[in-house]
Amino acid sequence: MDIPQKYKQYTKKKIIFGIILVIILFLSAIYALCVGDYRLTINQVINALIGNGTGNAKLVIWNIRLPRIFAAITAGASLAVAGAVMQCILRNPLASPFTMGISHGAMFGASLAIILLGAGGAESTGRIFVNNPYSITIFAFLGALIGVVVILLLAKLRGLTPEAMILAGVAMSSLFTAGTMLIQYFADDLQLAAMVYWTFGDLGRPLWNEIYIMVAIMIPALLYFIYRRWDYNALEAGEETAKSLGVNTEKIRLIGMLVASLLTSVDVAFLGIIGFIGLICPHIVRIFIGGDYRFLIPISALFGAVLLLISDTIARTIISPIVLPVGILTSFMGAPMFLYLLLRRYKK
Amino acid sequence: MILSVDGVEFAYKSRKILNNIKFEVKKGEVVSILGINGAGKSTLLKCINKILKPKRGTILIDNFDINKLDNYVLAKRVGYVPQRAEGNYMTVFDAVLLGRKPHIKWEVSERDIELTHKVLKLMNLEDYALRYTNELSGGELQKVIIARALVQEPQILLIDEPTNNLDLKNQLEVMRIVRDILKSQNIASIVVMHDLNLALRFSDKFIMLKDGKIFAEGGKEVISPENIEEVYGVRVHVDEYKGIPIVVPI
């Protein structure tokens, strides 16, 4: 077989991998709709989805499980893509919204909004509510932006190794965590409960309104990243090569970082910090299909969605009836993976 | 003239790297830039490519001022092979195909794939086509980045030390292939070279840089013991073997 044909077949394999992920995503969504404290059969689920079915099943599906599944898919996809793009832009395999401290910046901003603007809080029953999702998102974005500006400034300094950049990320996250704790210190009991709860990333929080916002930000961001896929491939080949191919590297970096942090901050504002999805998904996808951003972006999105949905389903059912926040689970999975990546770098 | 450089001056902060550089290159001409480390050779290439911006002077490509050309338009005309390259999780085919980027609007065309295939074949990279570039040896990777610049179909090709990572056989082979392609497609080329003998074998014209200025410029006669001693500070003997001049340090 000649090379172009072989190449096209190789490309087809990546597409098939994507299609398999779509199928897995669909099946795990169905499964996630069925399981939980209140078990439903597939028939009940389908009936509820098309508008028939009993009151209870309908209520559980439309008010509890479906928003949760959408939140998992949107957040998983957003974080994974933000991670993939940041790894390229910063030329750093350890980069992700979480490891660079951007998530913590968003967390700080969201906390500020809760306390200062009374944008959200907790009822005496312990339920967390958001009465002004826009101001929380905007504050979370501004918090994330502070993190981004610092990281970009540091990235501009020549000779900053990937490890040094991660250390800068650690410094940024402790700074933001300290800021968040300071705010917490002045909060009243209910606000404090809301904020502490907020630090565990949890998918059970958002209602349809918040999910609409998340989707409305994810879709254009995803389209933008896909539109820029060749520029990211060029950046992967090196700064000078990218420039010689006509890429305005500074502009691509800046806009990419801004869009990635916007994606991250919306998720943090509504769900809290969900760590490591953005770091590990692109790496796992690279193992399967390589680093071509034409495929890496959409397939990382799918993979992130699948991973977060399955993780959340496990978190919901593992010690049922207690529902664990999924952020705890992803950190348990992600931290060893992070160590593995670090070790592999040094082995070279 | 496909390229004319006139009065180019470049400085990092207050340190002058290039000073009043002026030369011209014809279509299909292979020009070697010679000089010691830090003489400004790579800087000069990067100025022609708009990777660096000179403080003074003009650079015309096909009579267009490069400062007035859009980056993508420039990228269609000028290819660049950097000194160093790193492998990643991209296949050799994709890494070379990337050179078509300035020509690609939304998705790759059949022609892009055909051209990539053709260059892979010319560079003897066919067997590696679907291997990741981070699995390649230094020499193979060097061939990949040269292939990438060739697939760009430039009018001018800038190459920074093409034979850095290559063994003797590959040095000769790669230089021969590149020269054949340059000549057959009438591409002008500026090559930074360290190996004087290789430069003598494959170039039409020579530019010697010393302290950021052009010290000597011209045909093979430029490579004289006097000039080399002046530029490199090394005493050599220039001999001839079957019509090809060779430089032997004494």
Side-chain angles (χ1 to χ4, degrees), chain A residues 1-14 84 87-88 91-93 158 162 223 226-252 282-296 299-300 344-345 348, chain B residues 42 45-46 49-52 69-95 97-108 110 113-114 116-118 120-121 125-127 129-130 132-134 144-145 148-149 152 154 158 160:
Chain A
M1 205 173 5
D2 73 333
I3 303 289
Q5 251 176 315
K6 267 193 197 162
Y7 174 70
K8 279 175 197 161
Q9 215 164 47
Y10 165 78
T11 316
K12 217 177 269 167
K13 272 188 200 152
K14 299 183 188 179
Q87 281 161 16
C88 169
R91 308 217 59 206
N92 190 333
R158 271 162 208 279
L223 288 178
I226 290 173
Y227 170 65
R228 287 291 181 202
R229 63 205 185 286
W230 283 104
D231 297 275
Y232 298 135
N233 275 345
L235 272 180
E236 277 285 288
E239 180 82 17
E240 285 169 359
T241 305
K243 277 189 179 167
S244 74
L245 290 170
V247 179
N248 185 340
T249 53
E250 283 88 9
K251 194 179 110 191
I252 295 291
H283 282 289
I284 296 173
V285 172
R286 267 187 206 105
I287 293 170
F288 284 104
I289 63 148
D292 184 344
Y293 275 78
R294 285 182 291 164
F295 299 95
L296 190 63
I299 292 180
S300 288
R344 207 179 55 167
R345 254 193 88 77
K348 274 185 192 168
Chain B
S42 300
L45 284 197
K46 286 177 194 168
N49 204 12
K50 251 167 94 172
I51 290 177
L52 297 175
L69 286 181
D70 184 73
N71 286 355
Y72 281 95
V73 179
L74 186 69
K76 283 183 193 173
R77 297 182 183 200
V78 184
Y80 173 66
V81 181
Q83 211 175 87
R84 263 182 294 268
E86 274 171 49
N88 54 22
Y89 281 104
M90 288 267 260
T91 60
V92 168
F93 197 97
D94 283 319
L97 184 64
L98 181 62
R100 296 298 299 163
K101 188 185 180 303
H103 304 268
I104 293 171
K105 292 226 166 62
W106 178 251
E107 214 17 270
V108 286
E110 277 303 312
I113 299 221
E114 256 331 296
T116 305
H117 180 214
K118 211 176 99 191
L120 284 178
K121 211 156 50 182
L125 284 168
E126 267 186 306
D127 292 344
L130 292 184
Y132 286 143
T133 51
N134 59 11
V144 169
I145 60 171
R148 174 190 294 151
Q152 216 171 322
L158 310 171
D160 205 343

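Letters A, B, ... mirror the listed sequences (proteins, then strands); counts begin at 1.
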**Asked** What option among Ser244(A), Gly290(A), Gly291(A) has the most heavy-atom pairs under 4.5 Å with chain B?
**Response** Ser244(A)
**Fill in**
Of the listed Tyr10(A), Tyr293(A), Tyr7(A), the one with the largest count of heavy-atom pairs under 4.5 Å with chain B is Tyr7(A)
Rounded distance [0.5 Å steps], [atom1] in [X] versus [atom2] in [Y]:
X         : Y         : atom1 : atom2 : result
Glu236(A) : Leu98(B)  : CD    : CG    : 10.5 Å
Arg91(A)  : Asn88(B)  : CZ    : CG    : 8.0 Å
Thr11(A)  : Phe93(B)  : OG1   : CZ    : 8.0 Å
Leu130(B) : Ile3(A)   : CG    : CD1   : 6.5 Å
Met90(B)  : Asn233(A) : CE    : CG    : 3.5 Å
His103(B) : Leu245(A) : NE2   : CG    : 9.5 Å

Interchain contact, [X] with chain A, by part (heavy-atom threshold 4.5 Å):
X         : result
Leu158(B) : neither
Gln152(B) : side chain
Arg84(B)  : neither
Lys46(B)  : side chain
Ala129(B) : side chain

**Asked** Is chain B contacted by the side chain of Leu296(A), its backbone, both, or neither, given a heavy-atom distance below 4.5 Å?
**Response** neither
**Prompt:** Does NZ or CZ of Arg229(A) fall inside the cone over Trp106(B)'s six-membered ring, less than 6.0 Å from its centre and within 45° of the axis?
**Reply:** yes
**Request:** Please test Arg294(A) against Val108(B) for side-chain contact (heavy atoms from CB on, under 4.5 Å), starting from the C-alpha separation and ending with a verdict.
**Result:** CA-CA 11 Å; Arg294(A) 285 182 291 164; Val108(B) 286; 4.2 Å; yes
Which heavy atom of [X] sits nearest a heavy atom of [Y], and at what distance?
X         : Y         : answer
Glu240(A) : Ile51(B)  : O-CD1, 3.7 Å
Trp230(A) : Glu107(B) : CZ2-OE1, 4.2 Å
Tyr72(B)  : Asp231(A) : OH-OD1, 3.3 Å

**Request:** Under 4.5 Å, counting heavy-atom pairs only, tell me which of Leu120(B), Val78(B), Thr91(B), Val73(B) racks up the most with chain A.
**Result:** Thr91(B)
**Item:** Contact winner vs chain A - Asp94(B), Ile113(B), Thr133(B), heavy-atom pairs under 4.5 Å
**Value:** Asp94(B)
**Prompt:** Got more than 12 heavy atoms from elsewhere within 6.0 Å of NZ, Lys8(A)?
**Reply:** yes
**Prompt:** What do you reckon, is OH of Tyr89(B) surrounded by more than 12 foreign heavy atoms closer than 6.0 Å?
**Reply:** no
